[in-house]
Amino acid sequence: MDNTAIQSDGTAARPVAPTAIQTKAPYPAVHANGAPAPLVSLAPGSVLRQVLEPIASLRLTVALFALSLVLVFYGTWAQVDEGIWYVVSKYFRSLWVWIPLDVILFHSIDESPFLIPFPGGWLLGGLLLTNLLAAHALRFKMTWQRSGIFVLHAGLIVMMLGEFFTGLTATEGIMSIVEGQSSNYVENYHKAELAVVNIADPKWDDTVAIPNEVLRRGLVSHPNLPFDIELVKYMLNSVSEDPDPAQKSLATAGFGLDAAVTEIPVFSGADPNQKFDHPAAYITLKDKQTGKAIDTYLVRFDWKPQKLSVDGQTYEIALRPTRSYRDFSVHLDKATFKVHPRTKKAKDYSSYVRIMDEGGKEVRSARIFMNHPLYFNGETYFQSSMAVDARPLVTGLQVVYNWAWPMPYISCVMVAMGMLLHFGMNLWTFLQRRIMT
Amino acid sequence: MRRIPLALLAVSVLPLAGCQEEEKIVHYRVPRLETFPTQHEGGAKAGVRGKVRFLAAIVPDRGELWFFKLVGPEAAVTPLAEPFEAFMKTVRLTGKEPPIAWDLPKDWEQAPGNQFRYATLKMKSEGEELELTVSKFGGTVLANVNRWREQIGLKHIELKQLPDETKTLDVAGVKITLVNMVGEQVAAAPPRFGKKLDLGQPKIPGAAPGKAPDFTVQTPAGWQEQVPASAITAKQYQAAPNVQVTITALGGDGGGIARNVNRWRTEQLKLPAAGDKELISLSSILDLGTKKALYVDMENPRETGKPRILAIVIAHPDIARPETTFFLKMMGPSDRVASQQASFEALAKSFRIEGK
């Protein structure tokens with residue numbers, strides 16, 4: 001039998017060097033004193049051991065890797081129809097995903113209502129992590145010869161945890177600032193919210209923000225809302241159209257009287273231009289007491305807030321990218337853009353910003369430009385986009401918060417070191433044997 | 001025993017995968033930001049939520065529109081309303097290079113244009129430095145007026161309201177539309193997250209934004225390539241005197257082939273909009289070798305100069321799910337267009353998306 005990494009059992013004909021994975025437990029087959037094993041023990045026959053043994057199975061590892069491959073394949077294939085962030089959320093950052101049959105069959109059939117359940121990324125990742133930890137608990141013995149494997153596996157654990165924490169805690173959005181103005185919020189264009197803002201106080205925006213998941217459940221009621229909101233129709237993506245006079249609008253007030261929208265499919269994640277969806281919705285405002293409809297409004301991404309008056313108070317409603325506010329503001333002093341002569345290729349786009357605290361006191365100033373982001377308050381501000389077709393210019397700063405960002409790098413270094421260590425040691429042992437013989 | 005914590009960790013790690021924050025309605029109060037005025041290129045105090053006056057003029061030129069736009073604080077721009085109108089009366093279409101000319105008032109300065117502007121005229125008023133920009137785009141008068149109205153916080157108007165909201169000047173037979181509006185300085189639409197840098201493409205209703213793929217064509221013999229007059233035009237040629245060829249790339253289906261064809265009919269050929277059946281009768285399928293394209297041929301023999309439009313519409317990657325729609329259009333007097341028809345079709349057949 002060769003000195004391999006995986007052995008089918010431990011009954012080797014001759015002694016072997018310690019290996020990476022052994023399916024036979026490094027414990028005696030019979031309990032030393034024959035007494036029943038305690039609950040929290042890894043002794044043979046213990047409950048914990050009985051639970052862990054199937055979890056630590058190498059077959060399970062192989063099956064999980066195979067399922068992961070299938071998930072990655074269909075997650076990629078699904079981006080023909082769906083946006084990349086939808087796929088990331090539904091396929092990879094989930095316990096289960098329901099894959100449409102037409103995706104399973106590579107779009108060889110028309111859109112199908114049949115959905116095939118499949119384990120999601122977090123379930124597979126969690127199982128792989130559990131499998132790895134259980135295997136270490138049962139089978140792996142900490143020795144110098146195996147230190148490379150331990151470092152390698154630790155690297156894998158860091159990588160899995162890195163993705164887990166990134167999925168759970170990382171945020172990314174855009175801060176759009178008009179030249180000469182300030183902004184104190186970041187917008188996430190992948191998530192919509194319906195905002196109802198009481199603008200009675202000229203200095204404060206009193207806002208109730210309804211995530212689109214909540215809005216799409218139907219009727220929304222909240223103590224700080226002056227009315228209930230009922231969803232009439234929600235469109236994940238839309239184009240703005242001229243209204244068709246022959247067709248009566250669902251809207252009874254607001255912009256929907258003069259404008260119409262048409263639902264279109266969401267933009268594909270495989271689209272090289274990575275366009276952004278423009279959700280839209282018809283919503284009916286209802287009297288809280290009587291449930292009687294007040295008016296129906298059409299709201300859409302990119303539209304300005306629509307003003308309405310209820311009980312003498314003026315409100316603004318808007319379907320907008322989900323906002324998260326900061327307790328400081330970023331003021332854009334100047335934005336500049338340059339393109340290569342006679343082309344539309346960007347050469348240099350810069351934003352000269354000042355960060356102001358709540359009292360309006362300047363705490364920092366910086367020029368943000370390509371490859372020179374601003375680091376502030378644990379977040380990174382990248383120069384991302386600029387609207388140059390109108391004056392004043394509008395800059396788009398991509399704001400990223402991800403404390404787990406170093407974990408993939410650390411993981412890669414650990415895995416590389418672990419492999420070098422392991423193969424280096426094996427090589428050294430091999431060479432020693434060759435020299436001896 | 002030291003393995004037991006690891007074992008317990010193994011059985012407890014899995015439920016972590018179920019950790020996902022539930023979306024909830026949130027209620028908060030946030031300060032409405034004070035702005036910090038600074039001088040910017042246009043001379044207006046950016047960020048000041050004050051009244052702004054928007055003076056503009058639209059000059060039609062063979063199916064496209066010249067825009068003259070002057071925006072700034074109301075106090076500074078209002079005194080320029082009369083000089084602006086007087087200036088517009090001096091504007092003339094030359095039909096040659098340069099295609100448009102004017103008499104510059106003596107206290108105004110003219111700065112060179114760039115690929116987004118044909119020219120920039122600078123002047124001072126009430127201590128403010130102001131700019132009048134000159135550019136050329138497509139679209140309709142109503143769509144552009146409404147786009148401007150939106151920029152200063154005004155509601156859209158309908159076509160029937162246009163005469164009340166604008167003034168028409170007849171300058172040497174050219175009907176110039178004058179716009180004089182007062183509104184509030186409002187923020188421009190924020191750029192989209194991750195979007196490619198926006199280089200001033202006008203909004204086409206229904207057209208999806210995005211960068212069009214690069215393409216190549218072989219210029220037919222005798223055609224002269226020109227600098228595109230509009231930011232949305234990718235290539236422009238002079239095929240013959242008064243015969244212009246443009247290649248335009250628009251995202252998605254470009255707002256709809258039928259809508260574009262009808263826009264050309266109504267605005268450029270002065271023909272009534274066509275219904276579905278008529279549009280089908282005007283169209284044919286042109287085999288480009290690698291793919292098929294829609295070929296549209298229409299003319300108005302009753303209009304002066306008998307204008308005719310040939311258009312070839314190429315959807316990329318395919319007509320069912322177009323990511324980009326390329327409009328190859330030739331317009332000019334009917335007989336001259338006919339003489340260039342073969343070259344135009346050859347141009348379309350040489351069309352290749354780069355990397356394909």
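Because the structure is a prediction, the values reported are computed rather than measured. Just so it is clear: chains get the letters A, B, ... in the order the sequence lines come, proteins before strands, and each one is counted from 1. Only heavy atoms go into these numbers, but all of them, side chains included; no hydrogens, no water, no symmetry mates.
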Engaged part of L132(A) at the chain B interface, taking heavy atoms whose separation is under 4.5 Å: neither
Pick from I264(A), I210(A), V208(A) with the largest number of heavy-atom pairs that fall under 4.5 Å of chain B: V208(A)
Derivation and outcome, side-chain contact (heavy atoms from CB on, under 4.5 Å), residues R29(B) and D201(A): CA-CA 10 Å; R29(B) 266 164 61 88; D201(A) 188 331; 4.1 Å; yes
Interface moiety of R320(A) toward chain B, non-hydrogen atoms closer than 4.5 Å: side chain
Contacting moiety of V214(A), where chain B heavy atoms sit under 4.5 Å: side chain
Under 4.5 Å from a heavy atom of chain B, the part of V197(A) involved: neither
Rounded distance [0.5 Å steps], NE2 in H222(A) versus NZ in K24(B): 10.5 Å
The single option from D205(A), D327(A), D206(A) passing side chain to side chain contact (heavy atoms under 4.5 Å, CB included) against V30(B): D205(A)
Nearest-0.5 Å distance that lies between atom CG in N224(A) and atom CD1 in I25(B): 10.0 Å
Counterpart residues, side chain to side chain contact (heavy atoms under 4.5 Å, CB included), relative to T266(B) (two or more places apart): A273(B)
